[in-house]
Protein chains: 2
Amino acid sequence: MQREKLPTIKEIAKRLKVSTSTVSRALHNHPSIGYTTTMRVHKIAQEIGYEPNKTAILFKQRKTFTIGVLLPNLSEDFFSAAISGIEDFAATKNYNVLLGQSLDDPEREKRILETMKTHRVDGMIVSISKNTDNYEHFEQLKKYHIPIVFFDRIPEKEAINYVACNLESGMLQALNLLIEQGHTRIGLITGPEQLIASAQRREIYIKGLQEKNIQLDEKLIVSSGLSKEENHKATKKLLSAKKRPTAIITFNDYVALDAIAEAKKLGLTINKDVCFVSFANLPIWEYMDSRPIASIEQFPYKQGEKATEILFSVLEGDDSMDEETETPENQVIFDSEMRLHF
Amino acid sequence: MQREKLPTIKEIAKRLKVSTSTVSRALHNHPSIGYTTTMRVHKIAQEIGYEPNKTAILFKQRKTFTIGVLLPNLSEDFFSAAISGIEDFAATKNYNVLLGQSLDDPEREKRILETMKTHRVDGMIVSISKNTDNYEHFEQLKKYHIPIVFFDRIPEKEAINYVACNLESGMLQALNLLIEQGHTRIGLITGPEQLIASAQRREIYIKGLQEKNIQLDEKLIVSSGLSKEENHKATKKLLSAKKRPTAIITFNDYVALDAIAEAKKLGLTINKDVCFVSFANLPIWEYMDSRPIASIEQFPYKQGEKATEILFSVLEGDDSMDEETETPENQVIFDSEMRLHF
DNA sequence: TTGTACGCGTTATCAT
DNA sequence: ATGATAACGCGTACAA
């Protein structure tokens with residue numbers, strides 16, 4: 001079971017007939033150790049291929065120099081971009097990234113959190129699963145002094161650190177664009193009712209229309225469970241109405257893909273009979289002819305990076321008052337931006 | 001610097017006025033400990049929220065229950081699928097996944113390997129960077145008894161564990177399909193010369209044509225540095241020749257995207273004037289009208305999963321003879337398969 | 001059935 | 001300038 005022994009400072013000490021403390025200090029170039037001794041230690045260390053045993057150090061220091069990242073999945077472009085941001089930032093601090101995908105399964109999420117906890121990660125960055133409705137397991141971590149920074153999919157709680165993206169700015173830009181282009185019947189495909197993100201989109205949509213004095217038509221708002229079938233259904237519902245919308249804002253890019261496919265199937269020409277605006281920004285859009293006229297960019301890389309930055313500021317801050325680390329600076333909201341595709 | 005102290009078995013021992021060993025055994029439900037004692041220990045442990053300190057255990061056991069994963073990037077769909085396979089399998093063994101992206105930068109690759117080593121991961125799964133030409137840093141790990149399983153992008157060495165995908169089966173299927181459909185002038189866009197993958201594709205291409213008695217035209221083989229510009233250039237070179245090919249096999253999906261865009265720009269109709277076959281299989285193809293007629297599927301998820309399985313078989317195997325763990329079973333090659341898109 | 005003592009590799013503290 | 005020793009938290013061989 002036990003793995004082979006690797007060279008330790010003891011070994012070096014024995015060979016040089018000095019004490020382990022001398023070796024330890026020499027290796028850290030402590031000024032109190034004589035030049036020659038220091039040199040000899042380094043030389044032997046080199047020769048026998050000594051590497052400090054981090055597990056021992058971590059154990060002693062009660063730190064792991066590892067941050068846990070828990071997110072729904074890596075297949076979505078959004079999250080793989082986010083983790084790049086996280087990893088890049090963590091690398092600058094010589095931290096490692098322990099990865100877990102919840103796959104939007106609350107049970108899996110809980111299990112992963114559990115292993116992260118027992119592995120004593122120094123902190124966590126979390127984007128919660130779609131179906132999570134209780135946050136007890138996150139509270140748990142607080143007891144163990146493991147700070148969490150949530151990003152993008154954040155729980156509805158007060159005292160948390162988070163990074164998110166404000167959809168309003170981008171969505172209003174998009175609405176204005178559509179209205180300027182003469183669209184008056186603008187549809188909205190939101191996600192499942194229980195998702196905050198769905199409610200948000202709906203509210204901003206309504207607000208935006210009001211600002212421009214456009215009469216709200218409840219029939220132009222439909223929701224989808226986000227499966228392919230439901231996306232198709234939602235689109236069909238919108239587009240086969242008597243007074244069909246000439247533009248549709250979709251919950252995200254994956255919905256947009258299905259919606260565009262469905263619109264084509266219904267014989268409509270994209271960007272002529274009907275055009276789309278979508279949240280997030282698949283890098284692949286530029287290769288597609290039938291694409292939304294605009295995306296609402298939510299900066300996944302930037303979000304990941306910022307979340308990590310916040311996590312480190314908490315980690316490096318006073319541990320003494322770690323009950324209340326959630327200051328305004330630890331709650332960051334980026335503004336989304338509309339990006340034109342044509 | 002030091003983090004707050006968490007409950008330990010000492011604490012429990014003190015409260016119950018028993019020895020730490022009793023507590024330790026009770027927590028493991030050791031049969032030698034009396035029922036009441038065991039119960040009392042569990043109760044207190046529960047109350048004060050005791051969690052075994054894994055870092056201490058790992059330190060003692062010289063194991064970390066963590067595998068390191070080093071791959072070029074997570075933006076490519078191929079790798080994010082692969083890591084899902086890895087993570088899923090690792091989870092079944094209660095192992096964690098430490099992640100590192102080389103971004104195809106050999107220096108970064110080296111650094112990541114270094115941190116993985118000092119963090120004493122139990123094993124590694126690696127897909128090497130595009131530009132790596134020396135494998136010393138991998139040899140290093142062997143000294144520290146950290147087994148490596150390579151996948152997909154594997155070094156040209158004998159004694160290694162690996163999982164890869166044999167392109168031949170899929171590519172021959174694709175060639176045959178094209179030939180059956182009447183294509184005789186079939187172009188090939190390979191990658192940079194120094195990549196093994198490029199040579200492979202070239203060889204199989206030539207072999208496939210020979211088998212069907214089709215005269216090889218060297219002009220139909222071009223290589224690209226895989227940047228967007230080079231992809232466009234390579235495509236242009238093929239398609240603007242006097243006797244242009246009616247079908248093109250591209251190095252991968254990203255090349256295909258650029259090639260298709262370029263073909264359109266040249267006024268050609270995809271799948272009529274010219275059609276494409278590509279390696280890998282972007283899930284998004286189905287949403288695109290202008291897509292390759294077929295993909296050569298390389299099963300990233302399966303590769304990741306299998307690589308992890310092999311890693312565990314090595315980890316669980318005899319440590320005694322760890323010089324030569326590379327047995328035939330540890331060198332797995334999947335057959336690629338052609339998948340039609342229409 | 002329970003307790004004592006030791007070791008894992010390192011560093012910090014207190015001597016010398 | 002260097003050495004001896006304790007401590008981090010846990011598991012376990014050996015004693016009682």
Side-chain angles (χ1 to χ4, degrees), chain A residues 1-42 44-45 48-65 117-120 122 144-145 319, chain B residues 1-42 44-45 48-65 117-120 122 144-145 319:
Chain A
M1 191 57 179
Q2 300 234 328
R3 314 192 56 201
E4 321 254 328
K5 282 186 69 161
L6 297 174
T8 69
I9 50 170
K10 264 187 195 163
E11 176 68 18
I12 301 179
K14 206 190 293 174
R15 296 213 190 190
L16 258 52
K17 296 194 206 301
V18 295
S19 76
T20 57
S21 17
T22 304
V23 176
S24 172
R25 286 186 278 236
L27 287 170
H28 290 97
N29 296 313
H30 192 284
S32 76
I33 301 294
Y35 178 75
T36 43
T37 316
T38 304
M39 282 303 105
R40 292 201 307 153
V41 168
H42 278 288
I44 293 280
I48 67 176
Y50 167 79
E51 287 275 338
N53 183 337
K54 212 139 189 171
T55 61
I57 299 173
L58 303 183
F59 161 58
K60 204 176 153 56
Q61 295 190 181
R62 300 206 197 90
K63 286 195 75 177
T64 56
F65 293 97
K117 189 178 72 188
T118 60
H119 264 252
R120 297 279 203 272
D122 290 341
Y144 294 88
H145 312 290
D319 280 34
Chain B
M1 191 58 181
Q2 298 233 332
R3 314 193 57 201
E4 321 253 327
K5 283 188 68 164
L6 296 175
T8 71
I9 49 172
K10 259 189 198 163
E11 176 68 19
I12 301 179
K14 206 190 294 172
R15 295 213 190 192
L16 259 54
K17 296 192 206 301
V18 295
S19 75
T20 57
S21 40
T22 303
V23 175
S24 172
R25 287 187 277 236
L27 287 171
H28 290 98
N29 296 314
H30 194 283
S32 76
I33 301 295
Y35 178 74
T36 43
T37 316
T38 305
M39 281 304 105
R40 293 202 307 152
V41 168
H42 277 289
I44 294 280
I48 67 175
Y50 168 80
E51 288 274 339
N53 183 338
K54 212 142 189 168
T55 61
I57 300 172
L58 303 183
F59 161 57
K60 204 174 151 63
Q61 295 188 179
R62 301 206 194 91
K63 285 195 77 176
T64 57
F65 293 98
K117 190 177 71 190
T118 60
H119 264 252
R120 296 280 204 273
D122 290 342
Y144 294 87
H145 312 290
D319 280 34

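Naming: A, B, ... by sequence-line order, numbering from 1 per chain. Excluded from the calculations below are hydrogen atoms, water molecules and symmetry mates; all remaining heavy atoms, backbone and side chain alike, are included.
- Here A:Ile57 lies in heavy-atom contact (under 4.0 Å) with sugar-phosphate atoms only.
- If you measure from atom CD of A:Glu11 to atom C1' of C:dT10, you get 16 Å, rounded to the nearest angstrom.
- Under 3.5 Å, the side chain of A:Ser21 and the base of D:dA4 form at least one donor-acceptor pair of N or O atoms.
- At least one donor-acceptor pair under 3.5 Å links the side chain of A:Thr38 to the backbone N or O of A:Gly34.
- Annotation: the span from A:Ser21 atom OG to A:Ile9 atom CD1 amounts to 8.0 Å, rounded to 0.5 Å.
- Closest contact between the side chain of B:Val18 and the listed nucleotides C:dG3, D:dG3, C:dT1 involves C:dG3.
- With the nearest nucleotide of DNA chain C identified for both B:Thr20 and B:Phe59, B:Thr20 has the one nearer the 5' end.
- In this structure, B:His119 atom NE2 and C:dG9 atom C1' are separated by 16 Å, rounded to whole Å.
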Under the side-chain hydrogen bond (donor to acceptor under 3.5 Å, both in side chains) rule, what do B:Thr22 and B:Ser19 come out as? Steps first, then yes or no, please. CA-CA 5 Å; B:Thr22 303; B:Ser19 75; 3.0 Å; yes

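- In this entry the distance linking CE of A:Met39 with P of D:dA1 reads 14 Å, nearest Å.
- Straight-line distance from the CZ atom of B:Arg40 to the P atom of C:dT2: 9 Å, rounded to whole Å.
- Distances shorter than 4.0 Å separate some side-chain N or O of B:Thr22 from OP1 or OP2 on C:dG3.
- Taking only side-chain nitrogens and oxygens, A:Thr37 comes nearer than 4.0 Å to OP1 or OP2 of D:dT2.
- When each of B:Arg25 and B:Ala56 is assigned the nucleotide of DNA chain C bearing its nearest heavy atom, the one mapping closer to the 5' terminus is B:Arg25.
- The interatomic distance linking A:Lys14 (NZ) with C:dG9 (P) rounds to 11 Å, in whole Å.
- B:Arg120 places its CZ atom 12 Å from the C1' atom of C:dC8, with the value rounded to the nearest Å.
- As a whole-Å value, the separation of B:Leu16 CG from C:dT1 P is 17 Å.
- Taking side-chain N and O atoms only, A:Lys10 has no distance below 4.0 Å to OP1 or OP2 of C:dG7.
- One N or O on the side chain of A:His30 and one on the backbone of A:Ser32 form a donor-acceptor pair closer than 3.5 Å.
- Closest to the side chain of B:Ile33, from the set D:dG9, C:dT10, C:dT2, is C:dT2.
- B:Ile9 places its CD1 atom 16 Å from the P atom of C:dT2, with the value rounded to the nearest Å.
- Between B:Ser19 and C:dT2 there is no side-chain N or O to OP1 or OP2 distance below 4.0 Å.
- A heavy-atom distance below 4.5 Å is not found between the side chains of A:Leu58 and A:Arg120.
- A donor-acceptor contact under 3.5 Å is formed by the side chain of B:Lys60 with the base of C:dG7.
- As judged by a 4.0 angstrom heavy-atom cut-off over every strand, B:Tyr50 is placed among residues touching the sugar-phosphate backbone only.
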